[in-house]
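In the text below, chain A, chain B and the rest are named by the order of the sequence lines, each starting its count at 1.
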Amino acid sequence: MTMVLPRNFYCQDSATVARHLLGKRLVRLVDGVLLAGFIREVEAYFGENDSASHAAKGKTSRNAIMFGPAGYSYVYFIYGMHFMFNIVTEEEGCAGAVLIRSVFPTHGLATMRQFRNGNKKHLADGPAKLCQALRIDARLNHIDLTKQEKIWLEEGVLIDQTSIHMGSRIGIHYALVKDQRALLRFWLN
DNA sequence: TCGCAGATATTCT
DNA sequence: GAATATCTGCGAG
């Protein structure tokens with residue numbers, strides 16, 4: 001009896017998936033050690049209608065994964081030193097992804113602290129910190145998240161819908177997406 | 001609390 | 001060949 005999120009969970013509108021990902025459990029298995037945490041903050045990204053997205057200017061070799069089937073990881077390197085962990089959404093051929101920005105660690109805290117060089121105050125409260133704490137790097141790009149291999153997502157806690165906050169995405173003040181206000185960042189307190 | 005350097009994959013010219 | 005990027009940590013005030 002497994003509670004791993006099925007592919008059809010991811011195969012919908014990015015904003016919907018992002019909102020529903022709050023409170024879900026992100027699980028990572030590294031060298032036999034189980035690391036896990038609840039998702040606390042996410043951002044939704046679309047394709048050609050979203051000027052802030054990697055996929056805004058069409059398909060390239062880097063963002064091709066965003067156009068592929070949902071339920072896969074999309075990890076990329078930025079600023080010469082940071083990794084970002086995204087989950088591909090929407091149907092195949094339609095670009096979309098959800099950036100995981102922050103998790104609340106529940107399992108394997110000691111190991112996470114090691115990966116974070118002993119920094120214990122801010123274990124996984126930022127997109128690049130989260131990747132460091134869970135040792136997510138380029139090798140974890142394009143992994144099927146519906147299989148329990150190295151990293152996957154499970155059902156988590158029930159979220160009180162009124163405790164979900166919405167806002168504009170970090171670093172994006174403009175972008176109107178699909179003619180709506182781009183309130184595509186979701187988080188919990 | 002705030003501002004900026006850091007170091008490289010990817011894309012644009 | 002050059003610019004840019006879904007950010008973090010540290011050092012100054």
Side-chain angles (χ1 to χ4, degrees), chain A residues 10 13-22 24 26 28 35 37 39-68 70-90 94-105 109 111-143 145 151 153 164-178 180-188:
Chain A
Y10 304 103
D13 174 83
S14 278
T16 305
V17 177
R19 191 185 180 95
H20 288 278
L21 275 172
L22 291 175
K24 294 290 188 286
L26 177 61
R28 165 83 168 116
L35 307 175
I39 296 177
R40 239 174 29 180
E41 185 179 355
V42 296
E43 280 181 17
Y45 286 86
F46 295 94
E48 280 142 23
N49 293 316
D50 184 357
S51 53
S53 168
H54 277 175
K57 291 170 189 164
K59 200 166 172 177
T60 65
S61 55
R62 176 169 67 157
N63 67 26
I65 297 171
M66 287 180 72
F67 290 82
Y72 281 82
S73 62
Y74 172 40
V75 177
Y76 63 88
F77 194 56
I78 191 110
Y79 292 119
M81 54 184 77
H82 299 304
F83 287 103
M84 300 282 129
F85 178 63
N86 298 251
I87 297 172
V88 177
T89 61
E90 314 244 0
C94 182
V98 173
L99 168 70
I100 309 299
R101 294 190 58 87
S102 169
V103 301
F104 180 78
L109 293 243
T111 305
M112 290 191 199
R113 204 169 296 136
Q114 277 177 25
F115 292 161
R116 296 270 299 122
N117 298 319
N119 187 334
K120 55 171 86 166
K121 269 194 119 173
H122 305 285
L123 264 188
D125 59 350
K129 296 181 211 173
L130 174 161
C131 288
Q132 218 182 0
L134 298 183
R135 188 163 279 182
I136 292 170
D137 58 31
R139 288 169 303 177
L140 284 183
N141 192 21
H142 209 358
I143 284 187
L145 298 172
I151 187 163
L153 286 98
I164 297 180
H165 298 253
M166 291 175 65
S168 54
R169 292 171 295 183
I170 300 290
I172 325 276
H173 320 282
Y174 49 96
L176 291 176
V177 178
K178 294 179 177 173
Q180 293 176 26
R181 290 179 65 202
L183 298 179
L184 296 173
R185 184 162 72 102
F186 304 90
W187 73 96
L188 304 170

Exercise. Using a distance-only test with no angle check, is there a side-chain donor-acceptor pair under 3.5 angstrom linking Asp13(A) and Thr16(A)?
Worked result: yes

For this session: Give a yes/no on whether any side-chain N or O of Ser61(A) is located under 4.0 angstrom from OP1 or OP2 of dA9(B).
Result: no

For this session: Examine distances only and state if a side-chain atom of Ser73(A) and a backbone atom of Ile143(A) form a donor-acceptor pair shorter than 3.5 Å.
Result: yes

For this session: Figure out the CE/P separation between Met66(A) and dT10(B), and round it to whole Å.
Result: 15 Å

Exercise. The side chain of Arg116(A) lies closest to which of these nucleotides: dG9(C), dA9(B), dC7(C)?
Worked result: dG9(C)

For this session: Measure from the side chain of Asn119(A), starting at C-beta and using heavy atoms only, and say which of dA7(B), dT8(C), dG9(C) lies closest.
Result: dG9(C)

For this session: Can you check whether any acceptor in the base of dT10(B) is under 3.5 Å from a donor in the side chain of Tyr76(A), or vice versa?
Result: no

Problem set entry | Partner nucleotide of dT6(C) by Watson-Crick or wobble geometry (both distances under 3.5 Å) | none

For this session: State whether the side chain of Lys59(A) and the backbone N or O of Ala55(A) hold a donor-acceptor pair below 3.5 Å, judged by distance alone.
Result: no

Exercise. Atom CD1 of Ile136(A) and atom P of dT6(C): how far apart are they, to the nearest Å?
Worked result: 17 Å

Exercise. What integer distance in Å separates Lys121(A):NZ from dC10(C):P?
Worked result: 13 Å

Seminar exercise, completed: Of dT11(B), dA9(B), dG6(B), the nucleotide closest to the side chain of Thr60(A) is dT11(B)

Seminar exercise, completed: Here the distance between atom P of dT10(B) and atom CG of Asn63(A), to the nearest Å, is 11 Å

Problem set entry | Options dC12(B), dT8(B), dA7(B), nucleotide nearest the side-chain atoms of Met81(A) | dA7(B)

Exercise. With sugar-phosphate meaning primed atoms plus P, OP1 and OP2, does Met84(A) contact a base, only sugar-phosphate, or nothing at under 4.0 Å between heavy atoms?
Worked result: sugar-phosphate

For this session: Rounded off to whole Å, could you give me the CG-to-P distance for the Leu123(A) and dT8(C) pair?
Result: 13 Å

Exercise. Partner of dA7(B) by Watson-Crick or G-U wobble geometry, both contacts under 3.5 Å, or none?
Worked result: none

Problem set entry | Selection from dT8(B), dA5(C), dC7(C) that lies nearest to any side-chain heavy atom of His82(A) | dC7(C)

For this session: Taking Ser14(A) for its side chain and Tyr45(A) for its backbone only, find out whether a donor-acceptor pair lies under 3.5 Å.
Result: yes

Exercise. Judged by atom type as modelled, is there a donor-acceptor pair below 3.5 Å linking the side chain of Asn117(A) to the main-chain atoms of Asn119(A)?
Worked result: no

For this session: Among the candidates dG6(B), dT11(B), dG9(C), find the nucleotide nearest to the side-chain atoms of Lys129(A).
Result: dG9(C)

Exercise. Atom CZ of Phe77(A) to atom C1' of dT4(C): distance rounded to whole Å?
Worked result: 14 Å

For this session: Select base, sugar-phosphate, or nothing to describe what His122(A) touches, counting heavy atoms under 4.0 Å on all strands.
Result: nothing

For this session: Select one nucleotide: of dC12(B), dT6(C), dT8(C), the one nearest the side-chain heavy atoms of Ile78(A).
Result: dT6(C)

For this session: Measure up the Tyr74(A) and Tyr76(A) rings against each other and bin them: parallel (under 30°), tilted (30 to 60°), perpendicular (over 60°).
Result: tilted

For this session: Quickly work out the Phe83(A) CZ to dA5(C) C1' distance and round it to whole Å.
Result: 14 Å

Exercise. Touch check for Tyr79(A), heavy atoms < 4.0 angstrom, all strands: base, sugar-phosphate only, or nothing?
Worked result: base

Exercise. Nearest-Å distance, NZ (Lys57(A)) to C1' (dT10(B))?
Worked result: 12 Å

